[in-house]
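The figures that follow rest on heavy atoms only: side chains count, while hydrogens, waters and symmetry mates do not.
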Amino acid sequence: MRAHAAVTALSLGVALAASAAVFDSHARDLGGELRELTTRPGVVQRFILVRPVHRPVASVILFAGGNGILALSPTGIGSLGGNFLVRNRQRFADEGLLVAVVDAPSDYARGPDFRTTAGHVEDMKAVIAELRTIADVPVWLVGTSRGTMSAANVAARLTAAGGADGLVLTSTILTGGRESIYDVKLSAIRVPTLVVHHRYDSCKATPCGAVSGLMAKLPNAPRRELLTFDGGDSPRSAPCEALSRHGYFGIDREVVKAIADWIKSAK
């Protein structure tokens, strides 16, 4: 009986390892076109462009969490390929959206943090303009974890012509660390805003109980809503990493569809 249990456990471990290897291999692939823009003097902004099969109904700019450094190159994604938004880029395209997955700008390719800088806003203004030349449809900013600071910063600062049409914040950084979402002037955001959170996110910087405070700080968003999720697969990463409730691990399809449906309804 013990021998059988040991063999079963070993088989399960091998299966999980194989699954992880397949996931990691897929995550490293670009899965789209590598684009490059000169956005400021001497600064290059790279992103992956993923096109839907038919004419897009909207465009989305996806901001990964962590340090935001994807290290994009013609050979693939150097890091953060498993991030919730990065790994689901094709799912967003399958929902009829034109997708841009942005890397850190070249002047911050080795750090430090760029999320709340004015330069980051200029870089994204150029990406927004590029997307509008490809498809004349609304452009949305979608961030996850520390990427929410990027998305919110751009939405708050770029309010005149050239700005985005909507904002989605998932697993928002609410407390602790060097910066949080409250380092952005949230009252300046004047576009429809969707906030997405997992009820049982156990990352200490993104407690679901603190989301109500964020909603109260968005008084000028013409439409705002909180969507919460539960369930998913057993975590295979630390609580603040992508393969956990923080990254909607196991409920990717459900969460992506809900975001896409909200974007389409807000057109």
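Between the CG atom of L85 and the OG1 atom of T170 there is a distance of 5.0 Å, given to the nearest 0.5 Å. Within the model, atoms OG of S59 and CD of E130 stand 11.0 Å from one another, a figure rounded to the nearest 0.5 Å. Atom OG1 of residue T117 and atom CD of residue E122 lie 10.0 Å apart, to the nearest 0.5 angstrom. Here the straight-line distance linking atom CG of L174 with atom OG of S180 works out to 7.5 Å at 0.5 Å rounding. To the nearest 0.5 Å, the span separating CG on D113 from OG1 on T116 amounts to 6.5 Å. Here the straight-line distance linking atom CG of N88 with atom CD of Q90 works out to 10.5 Å at 0.5 Å rounding.
Closest non-hydrogen pair, N83 versus A242, comes out as CA-CB, 3.8 Å. Smallest separation of non-hydrogen atoms from R245 and P235: NH1-CG, 3.9 Å. Closest of all the heavy-atom pairs between T148 and G143 is CG2-O, 3.4 Å. Nearest heavy atom pair, residue I77 against residue R89, reads CD1-NH2, 3.7 Å. Nearest heavy-atom pair across A151 and L169 is CB-CD2, 4.3 Å. When all heavy atoms are compared, the tightest approach of D201 to P239 is OD1-O, 4.2 Å.
Taking the side chain as every heavy atom from C-beta outward, I128 and I61 approach each other to under 4.5 Å. Annotation: side chain of H120 is in contact with side chain of S150 (closest heavy-atom distance under 4.5 Å). The shortest side-chain heavy-atom distance between P52 and L98 falls under the 4.5 Å cut-off. Between L70 and L80 there is a side-chain heavy-atom pair separated by less than 4.5 Å. The side-chain heavy atoms of V60 and L131, taken from C-beta on, include no pair separated by under 4.5 Å. Side chains of S145 and H246 form a contact here, defined as non-hydrogen atoms less than 4.5 Å apart. For the pair R190/T159, no side-chain contact is recorded, criterion being any heavy-atom separation below 4.5 Å from C-beta on. L34 is not listed as a side-chain neighbour of L49, based on a closest heavy-atom distance of 4.5 Å or more.
Looking only at distances, a side-chain donor or acceptor of N153 sits under 3.5 Å from a matching main-chain atom of R115. D165 contributes a side-chain N or O that, together with a main-chain N or O of V139, makes up a donor-acceptor pair within less than 3.5 Å. When atom types are taken as modelled, the side chain of T144 and the backbone of G147 share no donor-acceptor pair closer than 3.5 angstrom. T39 contributes no side-chain N or O that, together with a main-chain N or O of D123, makes up a donor-acceptor pair within less than 3.5 Å. A donor-acceptor pair is defined here as one N or O able to donate and one able to accept, closer than 3.5 Å; such a pair exists between the side chain of S79 and the backbone of I69. At distances below 3.5 Å, at least one donor-acceptor pair connects side-chain atoms of R87 with backbone N or O atoms of G82. A donor-acceptor pair is defined here as one N or O able to donate and one able to accept, closer than 3.5 Å; such a pair exists between the side chain of H197 and the backbone of T206. Under the 3.5 Å distance criterion, the side-chain polar atoms of R146 are matched with a main-chain donor or acceptor of G66. Judged by distance alone, the side chain of R28 and the main-chain N or O of G78 form no donor-acceptor pair under 3.5 Å. Counting only distance, with no hydrogens or angles, the side chain of Q45 and the backbone of D103 share a donor-acceptor pair below 3.5 Å.
Within the structure, the side-chain hydrogen bond (donor to acceptor under 3.5 Å, both in side chains) test picks out the following pairs touching residues 48-58 (sequence neighbours left out): E33-R51.
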Give the C-alpha distance, both sets of side-chain angles, the deciding distance and a yes or no for side chain to side chain contact (heavy atoms under 4.5 Å, CB included) between R40 and D107. CA-CA 10 Å; R40 291 175 280 130; D107 55 341; 3.0 Å; yes
Test log, rule salt bridge (charged side-chain N to carboxylate O under 4.0 Å, His left out), inputs E241 and R236: CA-CA 9 Å; E241 300 299 327; R236 282 167 48 193; over 6 Å; no
What do the steps show when you test Y182 against T175 for side chain to side chain contact (heavy atoms under 4.5 Å, CB included), and what is the final call? CA-CA 9 Å; Y182 298 116; T175 63; over 6 Å; no
Take R224 and L194 through the side chain to side chain contact (heavy atoms under 4.5 Å, CB included) test and state the conclusion after the steps. CA-CA 6 Å; R224 62 185 186 276; L194 173 65; over 6 Å; no
Output, in order, the C-alpha distance, side-chain angles, deciding distance and verdict of side chain to side chain donor-acceptor pair (under 3.5 Å) for S171 and H198. CA-CA 7 Å; S171 302; H198 197 294; over 6 Å; no
Could you check V168 against T193 for side chain to side chain contact (heavy atoms under 4.5 Å, CB included), going step by step and ending with a plain yes or no? CA-CA 6 Å; V168 180; T193 301; over 6 Å; no
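Under a cut-off of 6.0 angstrom, the local environment of CZ in R253 is sparse, with at most 12 non-hydrogen atoms contributed by other residues, nucleotides or ligands.
The side-chain contact (heavy atoms from CB on, under 4.5 Å) with F92 is formed by just one residue from the set V50, V101, L62; it is L62.
Between Y248 and F84, the ring-plane angle classifies as tilted under the 30° and 60° cut-offs.
In this structure, F114 shares a hydrophobic cluster with Y108, the cluster being traced through Ile, Leu, Val, Met, Phe, Trp and Tyr side chains under 4.5 angstrom apart.
Between the side chains of S265 and R223, a donor-acceptor pair is found at a separation under 3.5 Å.
Using a 4.5 Å cut-off between side-chain heavy atoms of Ile, Leu, Val, Met, Phe, Trp and Tyr, with links allowed through other members, W140 and V99 fall into the same hydrophobic cluster. Linking Ile, Leu, Val, Met, Phe, Trp and Tyr residues whenever their side-chain heavy atoms come within less than 4.5 Å leaves V255 and L226 in two separate clusters. Transitive grouping of hydrophobic side chains (ILVMFWY, heavy atoms separated by less than 4.5 Å) keeps L214 and F229 in distinct clusters. Note: the hydrophobic cluster containing V121 does not contain V142 (ILVMFWY, side chain heavy atoms under 4.5 Å, direct or indirect links). Taken together through direct or relayed side-chain contacts under 4.5 Å among Ile, Leu, Val, Met, Phe, Trp and Tyr, L141 and V195 form part of one hydrophobic cluster.
The pair D136-R132 fails the salt-bridge criterion, with no side-chain N (NZ, NE, NH1 or NH2) lying under 4.0 Å from an Asp/Glu carboxylate O.
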